[in-house]
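A short write-up of the structure that comes next.
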Amino acid sequence: MWRKLRLNLWSKLMLVASLLLAIPFIGYYYIWDMETFLRKGQEQTLMGTARALATALHERPNLFNHQASYKKKLETGKDFLPAKIQSPIRLDGELSDWYSQSAAVNRYDFNHQIDSAWQASQVSVEFTSQIGRYDDFVYAYFDVKDNQLVFRPKNHLSITANDYLEIATLDHNQQLQRYIVTSYQSGWVNGYRLPSTHENQRFPQPQSNIQGHWQATNDGYIIEVRMPESLLGEKVAFAITDFDRQDLPKVTIGSADPKRSEQLGTFTVPSPDIERIIKAMGRSQSSIIVVDQHQRALTQQGNIHAARGVFDSSLYQRDGLTWLETLKTWIMKPFYYFLLTKPSSDFTSEEFEHRKNKQAHVQQALKGSPSTLWWTTSDNKAVILSAAHPIYVDNQVKGAVIVEETTHGIRDIRNSAIEGVVITSLMIYVSVAALLFYALRISLRIRRLRNATEAVVDEQGRIVQPLSNVLAKDEIGDLSRSFANILGQLGQYNNYLQTMSTRLSHELKTPVALVRSSLENLNLHTTDDNQQRYLTRAHNGIERLNTMLQTMSEATQLEQALQTSEFITFDLAQLVQGCGYGYQQIYPQQRFEVHICDQPLNISGSDDHIAQLLDKLVSNAVDFSENDKPIVITLEQHKKHARITITNYGPLLPEDMSQSIFDAMVSMRDNDSDASHLGIGLYISRLIVDHHQGNIKAKNLENGTGVSFVIELPTSKSSSMRH
């Protein structure tokens with residue numbers, strides 16, 4: 001199979017050059033492996049950061065809410081973690097500035113009654129509430145739906161004979177403190193602190209640090225309040241009391257019973273020490289979240305949109321671009337459009353509280369096992385890596401540190417590497433194309449040199465035209481000039497050989513004639529038998545020499561005759577049939593079998609020379625044929641050619657002499673045979689066939705019993721149409 005695979009020079013060079021095309025693919029897969037390693041490195045680095053932050057927060061019990069730590073499960077609407085709001089709330093009874101805040105909205109209805117069990121139809125009050133913190137203050141609003149709003153009567157000392165808001169908390173001494181917010185009318189309000197059991201206070205006292213606004217609405221009222229964080233302890237409760245008339249019972253709904261300290265819900269205000277410790281770590285390239293054991297975010301530092309990781313290439317970019325970088329950007333623009341994507345900072349990020357299906361690593365960390373999680377944003381514009389590490393207090397997990405980064409930095413590095421691969425690939429492709437073009441040009445020049453060299457010599461080995469010189473100064477030009485010089489010398493020698501027989505026969509005719517006449521005179525005057533025998537042998541030698549000279553000049557005379565002969569259209573079948581009959585008479589000792597096609601087979605040519613062709617071939621066949629086996633002459637039409645086959649049974653041709661046997665001065669006869677045979681007969685046969693634009697070949701029979709000579713001559717158009 002491999003022997004049949006033949007590649008020219010250009011194909012070999014293209015095959016070798018194609019190996020360079022593997023470089024871009026190798027680079028591409030290398031980049032993907034590099035990205036995998038970078039991701040693993042980022043994961044390890046991020047986990048190391050989370051571990052360092054968690055170590056800084058270990059064994060700091062004051063950072064976490066003790067009351068919330070005792071509870072295994074928090075109750076929604078009762079246990080509070082006020083969200084950090086972005087700007088202070090305007091206390092004006094309008095809730096528009098609350099809509100942009102991320103604080104959770106809690107709803108309270110008849111299911112949240114305190115010290116009563118009325119049916120839903122009997123309870124005419126419900127409210128929604130949001131709580132947030134800004135700086136050192138806690139903000140809250142209560143949107144109350146009440147069918148009858150009862151303000152506090154003016155000049156009335158009681159603050160509970162009306163609708164009111166009650167706030168209960170435990171102070172630092174774990175004493176219950178209760179505050180009332182009520183109003184005479186819509187407008188600015190302050191709170192009142194109710195007397196506690198461990199103080200001598202007998203009447204409610206105004207509490208100026210509880211400020212707010214009471215605004216009546218069509219279906220109830222809205223209360224917005226602000227109070228310092230220091231006022232509220234780790235447990236708190238909010239309740240709304242609906243007062244309609246003195247003779248009707250009050251209805252109170254809220255988060256817990258404000259009169260009973262054990263029923264208050266937890267109130268967690270993250271310690272500012274957490275933020276100070278995180279800021280001291282100096283991790284501005286990451287988004288950091290600290291959660292408690294209930295997976296509530298206590299604090300959050302950094303912006304995930306800017307957290308591109310330690311591999312952020314933008315940190316090392318220069319202000320201006322060089323012309324090379326500008327060109328690179330211009331070249332890579334189509335690739336970014338079709339293949340690559342630039343990392344976008346405009347992606348949708350979910351708040352931590354809303355990632356219910358992306359907190360498996362946090363749950364593992366709260367169980368004591370550090371873990372990481374890769375997740376994709378909802379708009380598929382960013383991949384985020386999140387690492388969580390537990391925080392220990394007294395060998396118990398009290399919370400976790402979550403450090404998050406995007407893979408934008410890695411994607412920047414990957415894109416930069418791909419840019420380099422693309423630019424390198426383009427350079428390689430251009431180089432390979434130039435190399436292939438140059439190889440093709442060399443291959444074409446070599447082919448032109450080959451074609452020109454082959455055109456110099458015809459099929460018979462004669463030099464018919466000179467080889468033109470190439471002016472190129474390289475090796476191919478030098479080779480062409482060497483070929484031209486060698487072929488020129490061979491042409492001169494070939495011309496000498498072609499004319500040698502004519503000159504030799506011409507020069508020897510006169511000496512041969514003189515020797516012949518001298519021998520004839522001696523023959524007339526010689527009577528001695530011995531002398532007569534020698535004269536006879538000399539005379540026979542002169543005759544043989546004369547025959548050889550005639551044979552040598554026959555080929556030259558035939559070439560001249562062929563140039564002046566006129567072609568006629570004749571029936572080749574009739575010619576072969578007539579020649580076959582003649583051969584039987586000329587060679588009575590040899591049997592012949594002639595097989596001719598039935599219909600006429602017209603060709604255009606010289607019938608005399610075709611007959612001479614048959615004579616030469618039959619004469620050769622008779623010389624090498626066994627007398628007991630016939631010579632077979634066959635004529636048939638093969639496509640657009642007339643095929644003549646002359647087969648004789650006898651000795652075979654050598655394998656390397658099937659074509660060279662038709663050359664001049666080539667003979668296969670034994671040395672002791674008739675010396676007048678110089679191998680001119682088959683050479684003359686080829687001249688006749690070539691002149692008729694046909695071809696002749698000799699081949700051994702497949703069974704190894706003889707030799708066949710096959711001649712194909714083009715038929716005339718009329719004969720082809722009849723066929």
Side-chain angles (χ1 to χ4, degrees), residues 76-78 80 82-114 120 123-134 137-154 156 159-169 178-192 206-229 231-232 236-244 250-256 258 265 267:
T76 302
K78 182 177 181 180
F80 300 100
K84 189 173 183 179
I85 57 181
Q86 303 301 322
S87 58
I89 300 297
R90 184 185 297 272
L91 302 177
D92 55 2
E94 297 290 337
L95 302 182
S96 58
D97 46 357
W98 283 92
Y99 297 153
S100 60
Q101 308 302 329
S102 58
V105 178
N106 297 311
R107 185 175 182 274
Y108 304 87
D109 53 16
F110 72 97
N111 293 315
H112 298 83
Q113 297 179 64
I114 299 173
V123 178
S124 61
V125 63
E126 62 180 32
F127 70 93
T128 58
S129 175
Q130 270 188 285
I131 303 175
R133 59 188 178 87
Y134 181 81
F137 292 92
V138 175
Y139 291 82
Y141 81 81
F142 303 88
D143 186 2
V144 184
K145 309 299 180 184
D146 189 0
N147 61 350
Q148 183 178 355
L149 171 59
V150 177
F151 282 111
R152 177 185 176 186
K154 294 183 178 180
H156 201 281
I159 60 174
T160 58
N162 46 261
D163 294 340
Y164 60 89
L165 165 67
E166 185 173 357
I167 303 172
T169 184
R178 299 167 59 200
Y179 304 91
I180 295 293
V181 177
T182 183
S183 179
Y184 296 106
Q185 60 185 3
S186 296
W188 187 262
V189 293
N190 290 103
Y192 294 87
Q207 193 74 23
S208 60
N209 55 1
I210 300 179
Q211 301 172 336
H213 190 98
W214 189 303
Q215 181 65 45
T217 61
N218 295 329
D219 54 356
Y221 54 92
I222 295 175
I223 303 175
E224 283 187 302
V225 294
R226 179 184 64 195
M227 64 197 79
E229 287 183 0
L231 184 67
L232 301 177
V236 72
F238 301 94
I240 293 291
T241 299
D242 181 27
F243 179 89
D244 290 337
K250 299 178 182 179
V251 176
T252 301
I253 60 174
S255 62
F267 189 79

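From a predicted model like this one, the values you see are computed outputs, not experimental measurements.
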To the closest 0.5 Å, what do you measure between [atom1] ([X]) and [atom2] ([Y])?
X: Asn162; Y: Tyr184; atom1: CG; atom2: OH; value: 9.0 Å
X: Leu149; Y: Asn218; atom1: CG; atom2: CG; value: 11.5 Å
X: Met227; Y: Gln211; atom1: CE; atom2: CD; value: 10.5 Å
X: His213; Y: Trp188; atom1: NE2; atom2: CH2; value: 9.0 Å
X: Ile223; Y: Leu91; atom1: CD1; atom2: CG; value: 12.5 Å
X: Arg226; Y: Asn209; atom1: CZ; atom2: CG; value: 10.0 Å

Shortest non-hydrogen separation from [X] to [Y] and the atoms involved:
X: Tyr108; Y: Ser129; result: CE1-CB, 4.3 Å
X: Gln86; Y: Tyr134; result: O-CE1, 3.6 Å
X: Pro258; Y: Ile114; result: CD-CD1, 4.0 Å
X: Ser255; Y: Ala237; result: OG-CA, 3.4 Å
X: Gln148; Y: Asp146; result: O-OD2, 2.9 Å
X: Lys78; Y: Ala256; result: CE-CB, 4.0 Å

Side-chain touch [X]/[Y], heavy atoms, less than 4.5 angstrom:
X: Ile167; Y: Leu232; result: yes
X: Ile89; Y: Tyr141; result: no
X: Phe267; Y: Thr169; result: no
X: Trp98; Y: Tyr139; result: yes
X: Glu166; Y: Thr252; result: no
X: Trp214; Y: Phe151; result: yes
X: Thr76; Y: Asn106; result: yes
X: Asp143; Y: Lys145; result: yes

Please confirm whether the backbone N or O of [Y] pairs with a side-chain atom of [X], one donor and one acceptor, at under 3.5 Å?
X: Asp163; Y: Phe243; value: yes
X: Ser183; Y: Ser186; value: no
X: Asp97; Y: Arg90; value: yes
X: Glu224; Y: Gly93; value: yes
X: Thr182; Y: Tyr164; value: no

Stepwise side chain to side chain contact (heavy atoms under 4.5 Å, CB included) check, Phe142 with Val225:
CA-CA 9 Å; Phe142 303 88; Val225 294; 4.2 Å; yes
- Message: Run the ring-ring contact (aromatic ring centres under 6.0 Å, His included) test on Phe80 and Phe238 for me, step by step, so that the C-alpha distance in whole Å, both residues' side-chain angles and the decisive distance to 0.1 Å come before the verdict.
- Response: CA-CA 11 Å; Phe80 300 100; Phe238 301 94; 5.5 Å; yes
- Task: Applying side chain to side chain contact (heavy atoms under 4.5 Å, CB included), run through Thr241 and Thr160 and close with a yes or a no.
- Result: CA-CA 9 Å; Thr241 299; Thr160 58; over 6 Å; no
* How far apart are the C-alpha atoms of Val123 and Asp109, what are their side-chain angles, what is the distance that settles it, and do they pass the side chain to side chain contact (heavy atoms under 4.5 Å, CB included) test? -> CA-CA 8 Å; Val123 178; Asp109 53 16; over 6 Å; no
Set out, in order, the CA-CA distance, both residues' side-chain angles and the distance that settles side chain to side chain contact (heavy atoms under 4.5 Å, CB included) for Val138 and Ile131, then state yes or no.
CA-CA 7 Å; Val138 175; Ile131 303 175; 3.8 Å; yes
